Amino acid sequence: MRDCLSGRACHAVELSPAYVDVAVLRWQAFTGQQAVLEADGGSFAEVTTARGVEEAVPCRA
């Protein structure tokens with residue numbers, strides 16, 4: 001993931017799928033872009049629907 005403001009790259013690891021979903025949703029909200037699964041080009045929404053995952057809602061601080 002590349003930082004839109006500074007041009008730096010971020011490499012992160014999260015073990016809990018629920019937190020990964022929230023991180024992706026926050027990234028999408030911040031950048032206005034859609035996350036895409038590199039393996040097959042599916043959008044985050046398509047992948048979560050196909051996997052039967054309930055919609056994650058990002059926390060507001």
Side-chain angles (χ1 to χ4, degrees):
M1 179 181 327
R2 188 155 291 282
D3 182 333
C4 299
L5 301 177
S6 68
R8 294 181 286 188
C10 172
H11 301 277
V13 174
E14 179 55 67
L15 300 177
S16 172
Y19 288 114
V20 173
D21 289 354
V22 171
V24 170
L25 289 171
R26 287 180 178 172
W27 177 83
Q28 290 183 141
F30 179 75
T31 65
Q33 299 178 39
Q34 291 294 312
V36 176
L37 186 61
E38 188 173 359
D40 67 5
S43 72
F44 180 71
E46 292 168 342
V47 172
T48 54
T49 300
R51 293 181 180 173
V53 177
E54 292 182 28
E55 184 177 340
V57 179
C59 300
R60 300 283 185 233

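If you're wondering where the values come from, they're calculated on a predicted model, not measured in any experiment.
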Please report the shortest heavy-atom distance between Trp27 and Gln34, naming the atom on each side. CZ3-C, 4.0 Å
Among Ile, Leu, Val, Met, Phe, Trp and Tyr joined by side-chain contacts under 4.5 Å, find the other residues sharing a cluster with Val13 and list them by chain and number. Leu15
About how many Å separate CD of Gln33 and CD of Gln28, when rounded to the nearest 0.5 Å? 9.5 Å
Measuring from atom CG of Asp21 to atom CZ of Arg51, what distance do you get when rounded to the nearest 0.5 angstrom? 9.0 Å
Hydrophobic cluster identity match, Val24 and Tyr19, side-chain contacts under 4.5 Å: no
Under 3.5 Å donor-acceptor pairs involving side-chain atoms of residues 35-46, not counting sequence neighbours:
unit_1, atom_1, unit_2, atom_2, d
Asp40, OD1, Gly42, N, 2.9
Ser43, OG, Glu46, N, 3.1
Glu46, OE1, Ser43, N, 2.9

